[in-house]
S.K.: 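Here it is, the structure in full.
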Number of protein chains: 2
Amino acid sequence: MTEVRRPTLRDIASALGLSVNTVSRALGDKDSVSARTRAAVQAEAARIGYVPNTLARSLVLGSAMTLGLVITNPSNPFYAQLISSIELRVRAQGYSLLLLVTDESAENEQRATEALLRSAVDGAVVVPVQAEWDHWRRVRDSGIPLVFVNRDVPELDCDMVGVDYERGSYEATSHLIAGGARKLLLLEEDLPITTTADRITGFRRAMSDAGLTVSDDQVRAVPTKRYDSLALPWQPEEAYRFAQSLDLPDGIVTGNDYFALGLLRVLAERGLAVPDDVAITGYGDHPYAAYLQPPLTTVRLPAAEVGTTAVDLLLQRLKSATERPRKTLIRPELVVRASTLSPARL
Amino acid sequence: MTEVRRPTLRDIASALGLSVNTVSRALGDKDSVSARTRAAVQAEAARIGYVPNTLARSLVLGSAMTLGLVITNPSNPFYAQLISSIELRVRAQGYSLLLLVTDESAENEQRATEALLRSAVDGAVVVPVQAEWDHWRRVRDSGIPLVFVNRDVPELDCDMVGVDYERGSYEATSHLIAGGARKLLLLEEDLPITTTADRITGFRRAMSDAGLTVSDDQVRAVPTKRYDSLALPWQPEEAYRFAQSLDLPDGIVTGNDYFALGLLRVLAERGLAVPDDVAITGYGDHPYAAYLQPPLTTVRLPAAEVGTTAVDLLLQRLKSATERPRKTLIRPELVVRASTLSPARL
DNA sequence: ATGAAAGCGCTAACAC
DNA sequence: GTGTTAGCGCTTTCAT
């Protein structure tokens, strides 16, 4: 492999006996360059394979045309879809995307903010760890707009796009109650994040609206291994172990599909029928949910819509920093399948 | 939000009555600056919240300390893990990561190479679409080292890290044969990529080694929707539909876990027992595989190892461009579960 | 140990 | 239309 010096504007200029400036305009501006010159420049550029140096361009323009994406865990299917939709939109708008993975670690997040500052991104889409936020204030204060996604940092008053987790949970719970369940259980993640808290709220509200009371042992957190995005932060395994020692009710709402998966095994082992003995709902509508035995009723998350909206908000914010921050919650959709469809109960 | 000018070396210099140069060295170099000056500079830098401008630095140094990752589909769990492991390693080495999603589209890939060239990345880890490769030659020839991952582009003679898909498929097939299956079927993706081809080879070889012949209708491609990374390129649904009209054998090897999922439903609907009537294997060991009914025998892919190795190869290549390209295949692991464990047959 | 000067590749003023 | 000049923020000679 030979060490190659990349062609610059100067190479084109000297080959054609023009000034660097003229070449620059010929390649960029609409007018202020004769058609002949422009054609000659473009021909020469193509011939030697000229590619503009974004670094130099960014330095003078003060913008790198780069956005940051700070995300906790790509192995979570919801976030994977988010990455795809965000990358798609960002690229369509002519920006590049810098990816930073935090693994639910505040320390990693802190380092990520430093990287964002150094790289001088024009803005960032952030799934915050929600443990600390002073470093985010620093980013915002240095003029880099942020859009929080999926979880908010209300202290900072930035744009935010999320999912109405409370509503999803409310609907799943109400659906179970409508199906005849009375003794309900909520199995949640033990992460200190608002998504989890919102689902708990939704569960409680649905119970309350149905005239049912909720005792403390009806809302349970499944112990979770953390800080390892090479695996998922939650596993069917953990829910399986946890549920083995559980006094099972007639309806279970879970905070994610993986929990439902572990649960299904426990129920099978105990010889309980789903949904006739116990009806269950998942959360996330992962690709396998429809193909479980029985197919899983679950809450479908609008990942692509969330991602796209986040990028659009960010780009708008880049144009006008003055508008007030907007908080958007996108409504998830309850997908009813056989794990809750118990004709016997209706 | 106030428009903020980021502090520069000059701000520190003028505040302290020093030259920009001295400040630069105080912040960087080991020596050649008095301890007093260095302390003063660092104090002032911290006070005003100085963050070096990577753009300017990169421009003069000729390296942006950025690597590219060009990947087809983050929603594929294998690639999601790859992204995590690569980002982790890249960041640990002080580099930033530019993410580009191609969605299995040659056109997107072409555009991705332009972005890589413009951004002047120091190198790139690439999961190639394998449809065209002239644009990759151009990237390599302009001095940007590439490491191909999971799929190779042999025409270009770059470093490559992959998975020994043939071996995984060989082992899965041999395992089914050892379990008593004689009439076997391979259900594969219909993507024109080497991973699929390699699995087919492994299947054929295992059959041949067992003295079994393979007719053309024993290797089938499941029709696949493509070009939409917001969803997966393959779905249980597709395999389900396809398998409905299939003459079922006593053992089925699938090219990914999603196919196995669709298959399980078909078998259940036909009243066939797994593994007693039909034994099946998946490919990928997705998080749900162990929790299916029955738990799925499948081939676990060493995603993290592949990702880490790829980054290490790339960084080595950045140091010495002269060594010969290395091709590494990492061995996957057959994970045996109940979908193939049929005591009755042994 | 510190400063002055040059330049990375590009674009934006301003002349002509 | 095109060229000249200046400068983005930083690092690297080379003086002092």
Side-chain angles (χ1 to χ4, degrees), chain A residues 3-42 44-45 48-66 94 96 117-122 142-143, chain B residues 3-42 44-45 48-66 117-122 142-143:
Chain A
E3 195 51 44
V4 201
R5 198 183 61 77
R6 288 175 56 185
T8 71
L9 287 185
R10 238 176 68 182
D11 298 323
I12 303 181
S14 64
L16 263 44
L18 292 168
S19 80
V20 172
N21 191 329
T22 306
V23 175
S24 169
R25 277 178 310 201
L27 257 24
D29 277 349
K30 316 289 167 202
D31 34 62
S32 80
V33 154
S34 78
R36 273 193 59 187
T37 310
R38 154 165 296 124
V41 166
Q42 286 175 341
E44 176 67 8
I48 65 174
Y50 170 77
V51 177
N53 183 328
T54 309
L55 254 40
R57 181 166 220 272
S58 302
L59 182 59
V60 68
L61 256 39
S63 155
M65 288 301 280
T66 298
S96 293
L117 286 169
R118 273 198 308 273
S119 311
V121 296
D122 298 299
S142 78
Chain B
E3 196 50 47
V4 201
R5 201 183 60 77
R6 288 175 56 185
T8 70
L9 288 185
R10 238 176 66 183
D11 297 324
I12 303 180
S14 63
L16 264 44
L18 291 168
S19 78
V20 172
N21 191 336
T22 306
V23 175
S24 170
R25 277 178 310 203
L27 256 26
D29 278 350
K30 315 290 165 200
D31 33 59
S32 78
V33 155
S34 78
R36 274 193 58 189
T37 309
R38 151 164 298 125
V41 166
Q42 286 175 342
E44 176 67 7
I48 66 176
Y50 170 77
V51 177
N53 183 328
T54 309
L55 254 39
R57 180 167 223 272
S58 301
L59 182 59
V60 70
L61 258 38
S63 156
M65 288 301 279
T66 297
L117 286 169
R118 274 197 308 273
S119 311
V121 296
D122 298 301
S142 79

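Per chain, numbering begins at 1; letters A, B, ... match sequence-line order.
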S.K.: Classify B:S34 by what it touches in the nucleic acid, base, sugar-phosphate, or nothing, heavy-atom distance under 4.0 Å.
M.R.: sugar-phosphate
S.K.: In whole angstrom, give the distance that lies between atom CG of B:L117 and atom P of C:dG9.
M.R.: 16 Å
S.K.: Kindly say if A:T37 contacts the phosphate of D:dG1, meaning a side-chain N or O under 4.0 Å from OP1 or OP2.
M.R.: no
S.K.: With respect to the phosphate group of D:dG3, does any side-chain polar atom (N or O) of A:T22 fall under 4.0 Å of OP1 or OP2?
M.R.: yes
S.K.: Counting distance only, does the side-chain N/O of B:S119 pair as donor-acceptor with the main-chain N or O of B:V121 below 3.5 Å?
M.R.: no
S.K.: I need a per-nucleotide contact map over nucleotides 7-12 of chain D, read 5' to 3'. Cutoff is protein heavy atoms under 4.0 Å; write B for the base, S for backbone only, - otherwise.
M.R.: BBBSBB
S.K.: Do side-chain atoms of B:S24 reach the backbone of B:V20 as a donor and acceptor pair under 3.5 angstrom?
M.R.: no
S.K.: Has the side chain of A:R6 got a donor or acceptor atom that lies under 3.5 Å from a matching backbone atom of A:V51?
M.R.: yes
S.K.: Atom CG of B:L27 and atom P of C:dT2: how far apart are they, to the nearest Å?
M.R.: 14 Å
S.K.: By side-chain hydrogen bond (donor to acceptor under 3.5 Å, both in side chains), which residues pair with B:S19, not counting sequence neighbours?
M.R.: B:T22
S.K.: Counting any heavy atom closer than 4.0 Å, what does A:S58 reach on the DNA or RNA strands: base, sugar-phosphate only, or nothing?
M.R.: nothing
S.K.: For the side-chain contact (heavy atoms from CB on, under 4.5 Å) test, which of A:T8, A:L9, A:V33 pairs with A:V23?
M.R.: A:L9
S.K.: Any side-chain hydrogen bond (donor to acceptor under 3.5 Å, both in side chains) pairs touching residues 49-63 of chain A, not counting sequence neighbours?
M.R.: A:S63-A:D122
